[in-house]
> 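Dropping the structure in here first, questions after.
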Amino acid sequence: MNKAKLGKVAILLLGMMIFWISEPLWQVQADSLKMEYKNPKKAKKGGTLRVGYINNGAFKGIFSPEIADDGPTLELAQFGMVSLFKIDPNNEFKRGGLADISFDRKNKTATVKISKRAKWLDGHPVVARDLSFAYEIVANKAVGSSHYSEELENIEGM
């Protein structure tokens with residue numbers, strides 16, 4: 001191939017690359033995607049929800065809130081997480097959740113009363129040991145949770 005033809009092929013290839021870089025074929029206009037979908041049909045029992053999630057990073061898939069620390073996992077996990085405590089818009093504890101908490105500042109204690117309505121997916125009741133285990137995970141420096149901090153070391157009894 002002579003230099004003139006080679007130059008034309010190079011220019012053509014360069015032009016195609018610039019076009020492909022500036023106009024990816026997989027792009028979708030955001031305004032064409034609905035943010036919400038309401039299914040008019042009745043929910044089926046025992047179904048499986050499959051979700052596609054596009055992300056450039058790794059998906060860790062650790063759904064335990066005590067040790068989960070990556071954004072994509074937390075973003076997806078939020079739809080299956082249920083809080084034991086009822087919290088108002090000011091982030092204050094309110095009565096009426098699956099568990100209620102009360103604080104005794106003088107004695108530096110917190111008392112948690114777990115409702116009989118609090119059950120695991122398999123129907124077993126949530127018990128005090130389940131709740132204390134979560135705190136043991138967060139309070140254990142060796143676990144390596146991103147939720148562990150030096151402020152926790154300042155808590156008496158930690």
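Atoms considered below: every heavy atom in the structure, side chains included; atoms not considered: hydrogens, waters and symmetry mates. This structure is a prediction, so every number in the text was calculated from the model and none was measured.
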> Do V127 and V112 sit in the same hydrophobic cluster, where Ile, Leu, Val, Met, Phe, Trp and Tyr count as joined when their side-chain heavy atoms come under 4.5 Å apart?
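The answer is no; the residues belong to distinct hydrophobic clusters.
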> Not counting sequence neighbours, which residues clear ring-ring contact (aromatic ring centres under 6.0 Å, His included) with F103? List them please.
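ring-ring contact (aromatic ring centres under 6.0 Å, His included) list for F103, sorted by chain: F93.
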> Can you give me the closest heavy-atom contact between G97 and S115, atom names plus distance?
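Nearest pair, atom of G97 first, then S115: O-CB, 4.3 Å.
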> Would L98 and V82 count as a side-chain contact (heavy atoms from CB on, under 4.5 Å) here? Give the steps.
CA-CA 9 Å; L98 292 173; V82 176; 3.8 Å; yes
> Find the distance between CG (L131) and CD (E136) and round it off to the nearest 0.5 Å.
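Those atoms lie 10.0 Å apart.
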> To the nearest 0.5 Å, tell me how far I87 CD1 sits from I101 CD1.
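Rounded to the nearest 0.5 Å, the CD1-CD1 separation comes out at 9.5 Å.
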> So with a 6.0 Å cut-off around NZ of K141, is the heavy-atom count from everything else above 12?
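No, NZ of K141 has 12 or fewer neighbouring heavy atoms, counting only those of other groups under 6.0 Å.
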> As an exercise, state the distance from CG of D130 to CG of L84, rounded to the nearest 0.5 Å.
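Reported value, rounded in 0.5 Å steps: 9.0 Å.
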> Looking at Q78, I want to see if its CD is surrounded by more than 12 non-hydrogen atoms of other residues, nucleotides or ligands under 6.0 Å.
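Yes, because the 6.0 Å sphere around CD of Q78 holds more than 12 heavy atoms from other groups.
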> Do the side chains of L152 and V138 get nearer than 4.5 Å, heavy atoms only?
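They are in side-chain contact.
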> Per the side chain to side chain donor-acceptor pair (under 3.5 Å) rule, what does the pair list look like for residues 83-97, sequence neighbours excluded?
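Listed by first then second residue: R95-D100.
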> A quick test of your reading: do over 12 heavy atoms of other residues, nucleotides or ligands sit less than 6.0 Å from CZ of F85?
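It does: F85 CZ has more than 12 such atoms within range.
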> Could you state the interatomic distance from CD (E151) to CD (E153), rounded to the nearest 0.5 Å?
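It is 9.5 Å, given to the nearest 0.5 Å.
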